[in-house]
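Down below is the structure, laid out as structure tokens.
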Number of protein chains: 2
Amino acid sequence: MTGHTQRGQCFKRMSILDAAADVFCRQGFAGASIDEIAAVACVSRQTIYNHYREKETLFVAVVEDVMNRANTMLFSMLSTFPENADNLEDDLTAFVVRLNKNCICNHDGKFLRKLVQTEGERYPHLFESWRQHGPGKLTTALSALFARLSHKGALVIDDFDVAARQFVALGNADLQMSVLFGGMPTDEELEKAARNAVRTFLKAYGRPATEKAGVQPQLAAVSG
Amino acid sequence: MTGHTQRGQCFKRMSILDAAADVFCRQGFAGASIDEIAAVACVSRQTIYNHYREKETLFVAVVEDVMNRANTMLFSMLSTFPENADNLEDDLTAFVVRLNKNCICNHDGKFLRKLVQTEGERYPHLFESWRQHGPGKLTTALSALFARLSHKGALVIDDFDVAARQFVALGNADLQMSVLFGGMPTDEELEKAARNAVRTFLKAYGRPATEKAGVQPQLAAVSG
DNA sequence: GTAAAATTAGACGCCATTGTCTAAGTCGTC
DNA sequence: GACGACTTAGACAATGGCGTCTAATTTTAC
């Protein structure tokens with residue numbers, strides 16, 4: 001039980017999980033074969049059965065693994081919120097780029113969207129967990145961010161939750177097709193899509209403002 | 001070869017196609033079994049092989065059938081565009097409700113989204129066809145509509161294509177979760193989601209203001 | 001070096017599914 | 001009633017995947 005053994009076991013485990021994620025994502029649960037997973041993982045079939053009792057056990061483990069990784073990444077993204085309203089358009093744009101690149105348009109994001117959609121009805125608890133810790137947490141955090149920015153007078157929003165969902169939707173508007181395809185968008189596409197999204201969002205919810213320092217009268221009253 | 005025989009064949013064919021759509025949608029291509037399709041269709045397995053050479057032939061036929069129905073429905077939806085700018089918010093809202101109810105949140109829409117995502121990489125031509133005749137045609141038509149409304153002075157839009165994609169994205173913003181789930185949203189949800197979408201869209205792209213009834217004070221100030 | 005643990009390749013039984021085939025049955029038309 | 005087209009239930013071989021087992025080999029621990 002020293003470090004080496006653990007590392008060796010962990011290595012195989014990770015190799016299996018990665019390969020299984022790849023194959024499950026491409027073929028779906030029913031279409032994926034243990035033999036193919038073993039081949040991709042460069043591991044014998046027996047080793048897989050040594051770590052996971054059966055195919056379904058492996059599948060659940062894979063989904064939970066990817067979900068954990070994705071949730072951790074999302075959490076770290078949420079800590080990069082632009083709290084400063086000085087340069088909101090650029091800051092929000094950069095945030096959307098980061099979010100899309102690291103959480104939504106990456107391998108894990110693709111895997112989760114695909115698998116949740118195909119196997120979600122068969123594993124309701126997995127789906128529910130993903131919904132809460134993924135999109136749920138994102139919109140909650142965005143909603144709180146928009147509330148703070150509204151109090152600062154940088155935004156004019158009546159319903160923060162709706163605004164949060166719309167913000168996410170706008171951020172994906174130009175990428176829906178690329179992502180649905182399976183092909184990841186280029187950095188240029190990501191940048192342009194984010195810029196379009198944030199501009200429209202700010203046209204709708206941005207301070208009607210003219211001069212930078214000024215704050216909406218009615219909001220200034222609330223801000224105390 | 002009389003009418004009756006033909007009708008009988010058509011009836012069986014339709015029955016098979018409907019059942020296959022149901023089973024393929026729930027189980028995916030690999031997970032679906034011909035026997036289950038036959039059982040759902042109340043037809044013997046041999047009858048299926050009589051109409052379709054093999055499983056893949058049946059699958060392609062099902063997808064094409066659903067796509068044709070969905071495209072026809074979308075085409076008829078596009079003819080109900082609100083060209084009159086008198087009551088744009090209500091008209092656009094009603095249009096979004098119709099679109100979501102009849103094209104996106106219905107059985108066919110769910111089927112296509114799910115199948116295109118899972119089997120799209122295996123059948124690129126099917127996916128490409130869907131992309132062109134479905135979302136592609138929708139955004140093209142919306143783009144043209146927004147151009148007309150802009151020329152009338154009812155909207156202020158710089159990039160019609162981007163606005164069209166954003167319009168669609170906003171229209172789905174509040175329904176993403178319900179739809180991803182598999183459960184169809186209620187009429188009330190549809191109405192509220194469409195209202196939220198159109199309000200935000202018009203805040204971003206609507207004519208700065210008019211002397212119409214309920215206009216935001218700060219927007220009225222800008223209207224000059 | 002030795003023992004324990006993990007891994008491997010391969011064979012195996014089992015079961016589900018695919019696609020074919022056959023013999024019987026149904027339905028409508030002449 | 002006879003005929004043809006279609007359907008049906010069931011048997012059938014072939015395939016492939018799952019999960020188990022074994023014996024040999026490698027890796028790791030001490």
Side-chain angles (χ1 to χ4, degrees), chain A residues 1-63 65 115 118-119 121-123 126, chain B residues 1-63 65 115 118-119 122-123:
Chain A
M1 269 207 200
T2 69
H4 271 176
T5 300
Q6 284 293 354
R7 234 194 292 142
Q9 283 188 13
C10 275
F11 181 76
K12 293 282 183 190
R13 261 193 129 83
M14 278 168 39
S15 179
I16 292 170
L17 286 177
D18 283 350
D22 176 37
V23 177
F24 278 135
C25 188
R26 276 189 291 108
Q27 318 271 10
F29 178 80
S33 90
I34 300 284
D35 286 311
E36 185 178 355
I37 293 173
V40 172
C42 295
V43 148
S44 85
R45 177 175 58 248
Q46 186 56 34
T47 301
I48 293 181
Y49 283 109
N50 191 346
H51 286 276
Y52 305 97
R53 189 157 16 90
E54 54 188 359
K55 193 180 179 185
E56 184 167 325
T57 314
L58 173 61
F59 177 74
V60 173
V62 168
V63 173
D65 177 59
L115 268 292
T118 57
E119 319 290 346
E121 299 180 27
R122 209 181 308 277
Y123 303 90
L126 278 182
Chain B
M1 269 206 201
T2 69
H4 271 175
T5 301
Q6 284 292 355
R7 236 195 289 142
Q9 283 188 14
C10 277
F11 181 75
K12 293 282 181 190
R13 260 193 130 84
M14 280 167 40
S15 179
I16 292 171
L17 285 176
D18 283 350
D22 177 37
V23 176
F24 278 135
C25 188
R26 275 189 290 110
Q27 318 270 13
F29 177 80
S33 90
I34 299 286
D35 284 314
E36 186 177 354
I37 293 173
V40 172
C42 297
V43 148
S44 85
R45 179 174 58 251
Q46 185 55 36
T47 300
I48 293 181
Y49 284 108
N50 191 347
H51 286 276
Y52 305 97
R53 191 158 12 91
E54 54 188 356
K55 194 181 178 183
E56 184 167 323
T57 314
L58 172 61
F59 177 73
V60 172
V62 168
V63 173
D65 178 59
L115 268 292
T118 57
E119 318 291 348
R122 208 181 308 278
Y123 303 91

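What you see is a predicted model; the values in this text were computed from it and never measured. Residue numbers start from 1 in every chain, and the chains themselves are labelled A, B, ... in the order their sequence lines are given, proteins ahead of strands.
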Please state whether the phosphate of C:dT8, meaning OP1 or OP2, lies under 4.0 angstrom from any side-chain nitrogen or oxygen of A:Lys12. yes
Nearest 0.5 angstrom please: A:Ile37 CD1 to A:Lys55 NZ, how far? 7.0 Å
Rounding to an integer number of Å, can you tell me how far B:Arg13 CZ sits from D:dA5 C1'? 15 Å
Where along residues 35-48 of chain B does a heavy atom fall under 4.0 Å from DNA chain D? B:Cys42, B:Val43, B:Ser44, B:Arg45, B:Gln46, B:Thr47
Are B:Ile16 and B:Tyr52 packed together at the side-chain level, in the sense that at least one heavy-atom pair is separated by less than 4.5 angstrom? yes
Mind telling me whether A:Phe59 and A:Phe24 have parallel, tilted or perpendicular rings, with 30° and 60° as the class edges? perpendicular
Contact check, residues 54-63 of chain A vs DNA chain D, heavy-atom distance under 4.0 Å, returns A:Glu54, A:Lys55
Ignoring hydrogens and geometry, is there a side-chain-to-backbone donor-acceptor pair from A:Glu36 to A:Val23 under 3.5 Å? no
If you compare all heavy atoms of B:Ala20 against all heavy atoms of B:Val62, which two are closest, and at what distance to 0.1 Å? CB-CG2, 3.4 Å
Would you say B:His51 places a side-chain N or O within less than 4.0 Å of OP1 or OP2 belonging to D:dC6? no
Counterpart residues, side chain to side chain contact (heavy atoms under 4.5 Å, CB included), relative to B:Ser15 (two or more places apart): B:Ala41
Side-chain N or O of B:Asn50 closer than 4.0 Å to phosphate OP1/OP2 of D:dC6: no
Nucleotide nearest B:Tyr49 (side chain, heavy atoms from C-beta), chosen from D:dG17, C:dT20, D:dT20: C:dT20
Just so I know, are the side chains of B:Asp22 and B:Asp18 near enough to count as touching, which here means a heavy-atom distance under 4.5 Å? no
Quick check: do A:Glu54 and A:Thr57 have side-chain heavy atoms less than 4.5 Å from each other? yes
